[in-house]
Amino acid sequence: MHFWKNVHLSGRTASLSLALLLPLVAVAASYAPEHFPPPAAEGVVKLPALDRWLLEGGSPGRVTVYAAPQQSAATQQLAVDKLQYLETGYETADALVYQQQPGWLRLALQGQPIRWVWLPDAQSPGFKPMAAMVGPDQLNYFAPGWDRRLWSVPDGPQYALFKGDDSLVPSIIGKRQLGRRWWLQVRLVPDPCQDKPAMPLAVLEGWLPLRDSKGRYNIWYHTRGC
């Protein structure tokens with residue numbers, strides 16, 4: 001267990017704009033979340049120690065992690081800011097999960113190359129897949145790498161290329177799971193964050209996969225509103 005005994009865990013440091021600091025809200029000084037799901041991530045898990053750190057500030061709390069997905073593996077008390085975590089709401093973040101095994105979740109440490117740790121999946125509410133986090137009551141947006149394909153039916157033979165501009169954004173009106181792949185039915189609507197959003201000439205709807213063939217996410221939502 002050479003890594004477990006000698007690893008040096010260094011966290012990324014990010015400064016927050018003073019405009020984002022509200023009275024009575026304690027934001028951790030080293031808060032450095034991901035703002036878009038990484039390609040290999042499967043979902044998130046809520047960590048009480050992470051919630052307390054973001055709410056109260058001060059020193060990051062710690063969580064017990066394992067070197068392997070078994071109770072006999074070496075353990076370590078790891079500061080939560082050393083984990084990769086995703087911003088899921090305003091000043092709210094959850095630890096990123098990259099793999100599930102029965103009773104276990106694989107998490108990643110910040111930094112490169114990526115190092116992995118394991119967490120027992122025994123706490124409530126437990127693992128939450130990305131597909132459960134996107135929905136109709138959010139300000140959604142397309143990923144920059146979206147190939148602009150919209151299918152008439154999920155995983156069907158026909159698709160159209162969206163030729164609009166960034167004045168239209170996706171509103172999710174349906175979901176469907178085919179095998180392990182999630183498809184989202186979207187309607188293109190004027191971006192509510194623009195001063196004078198363009199009005200579409202016709203209703204544009206279609207399906208797109210939540211993740212493309214390379215595992216990259218096609219769509220996500222703004223966690224801080226406009």
Side-chain angles (χ1 to χ4, degrees), residues 12 14 20 32-45 84-100 106-108 110 112 114 127-226:
R12 294 176 297 180
L20 296 178
E34 300 290 337
H35 292 280
F36 195 86
E42 298 289 339
V44 298
V45 62
Q84 289 186 14
Y85 49 98
L86 176 71
E87 187 169 81
T88 53
Y90 184 77
E91 306 303 355
T92 301
D94 299 306
L96 281 159
V97 175
Y98 286 85
Q99 184 183 349
Q100 283 185 285
R106 187 171 71 153
L107 313 182
Q110 297 209 33
Q112 295 293 332
I114 293 178
F127 173 76
K128 189 173 185 179
M130 297 298 184
M133 301 171 65
V134 292
D137 300 322
Q138 295 164 331
L139 293 174
N140 303 302
Y141 63 94
F142 292 118
W146 175 49
D147 62 11
R148 306 182 78 81
R149 296 182 183 183
L150 289 175
W151 275 258
S152 55
V153 295
D155 205 21
Q158 296 181 336
Y159 63 85
L161 288 177
F162 171 58
K163 298 181 180 180
D165 56 29
D166 292 337
S167 65
L168 298 180
V169 295
S171 173
I172 297 174
I173 58 177
K175 296 182 187 181
R176 187 176 300 173
Q177 186 176 18
L178 297 179
R180 298 188 62 184
R181 200 177 194 191
W182 278 93
W183 287 76
L184 306 176
Q185 186 181 22
V186 299
R187 176 179 295 139
L188 281 297
V189 300
D191 187 346
C193 295
Q194 294 193 12
D195 293 335
K196 295 181 179 180
M199 293 300 296
L201 298 178
V203 175
L204 300 176
E205 293 183 1
W207 292 83
L208 76 159
L210 176 60
R211 302 169 72 177
D212 65 17
S213 59
K214 296 182 179 180
R216 298 171 300 191
Y217 285 85
N218 282 320
I219 193 171
W220 199 238
Y221 61 94
H222 295 287
T223 58
R224 297 171 178 263
C226 297

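Residue numbers run from 1 in the order of the sequence given.
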Handout entry: Nearest non-hydrogen partners of His35 and Tyr141, listed with the distance
Key = O-OH, 3.9 Å

Problem - Cationic N near anionic O, under 4.0 Å, Arg149 to Asp147 - result: yes

Practice task
Hey, could you give me the CZ/CG distance between Arg148 and Leu208, rounded to the nearest 0.5 Å?
Solution key: 12.0 Å

Practice task
Give me the ring orientation class for Phe142 and Trp146: parallel if the planes are under 30° apart, tilted from 30 to 60°, perpendicular past 60°.
Solution key: parallel

Exercise for the section: For Ser171 and Asn140, work out which heavy atoms get closest and say how close. Expected result: CA-ND2, 4.3 Å

Handout entry: Donor-acceptor under 3.5 Å (Lys175 side chain, Val134 main chain)
Key = yes

Problem - Passing candidate, side chain to side chain contact (heavy atoms under 4.5 Å, CB included) with Asp191, options Leu168, Leu139, Val169 - result: Val169

Handout entry: Salt-bridge contact Arg211-Glu42 (side-chain N to carboxylate O under 4.0 Å)
Key = yes

Practice task
May I have the step-by-step check of side chain to side chain contact (heavy atoms under 4.5 Å, CB included) for Val186 and Glu205, ending in yes or no?
Solution key: CA-CA 6 Å; Val186 299; Glu205 293 183 1; over 6 Å; no

Exercise for the section: Evaluate the side-chain proximity of Leu184 to Pro209: yes if any heavy-atom separation is below 4.5 Å, no if none is. Expected result: no

Fill in the blank from the handout: d(Trp220 CH2, Glu87 CD) to nearest 0.5 Å is 11.0 Å

Fill in the blank from the handout: Here the gap from Ile219 atom CD1 to Gln138 atom CD, rounded to the nearest 0.5 Å, amounts to 9.5 Å

Exercise for the section: Determine whether Phe36 and Leu86 make a side-chain contact, defined as any pair of heavy atoms from C-beta on separated by less than 4.5 Å. Expected result: no

Practice task
Could you tell me the separation between the CZ atom of Arg176 and the CG atom of Leu210, rounded to the nearest 0.5 Å?
Solution key: 15.0 Å

Completion exercise
Note: Tyr217 and Ala41 closest approach over all heavy atoms is OH-O, 2.6 Å

Fill in the blank from the handout: Given the options Tyr159, Trp207, Trp151, Trp183 meets ring-ring contact (aromatic ring centres under 6.0 Å, His included) only with Trp151

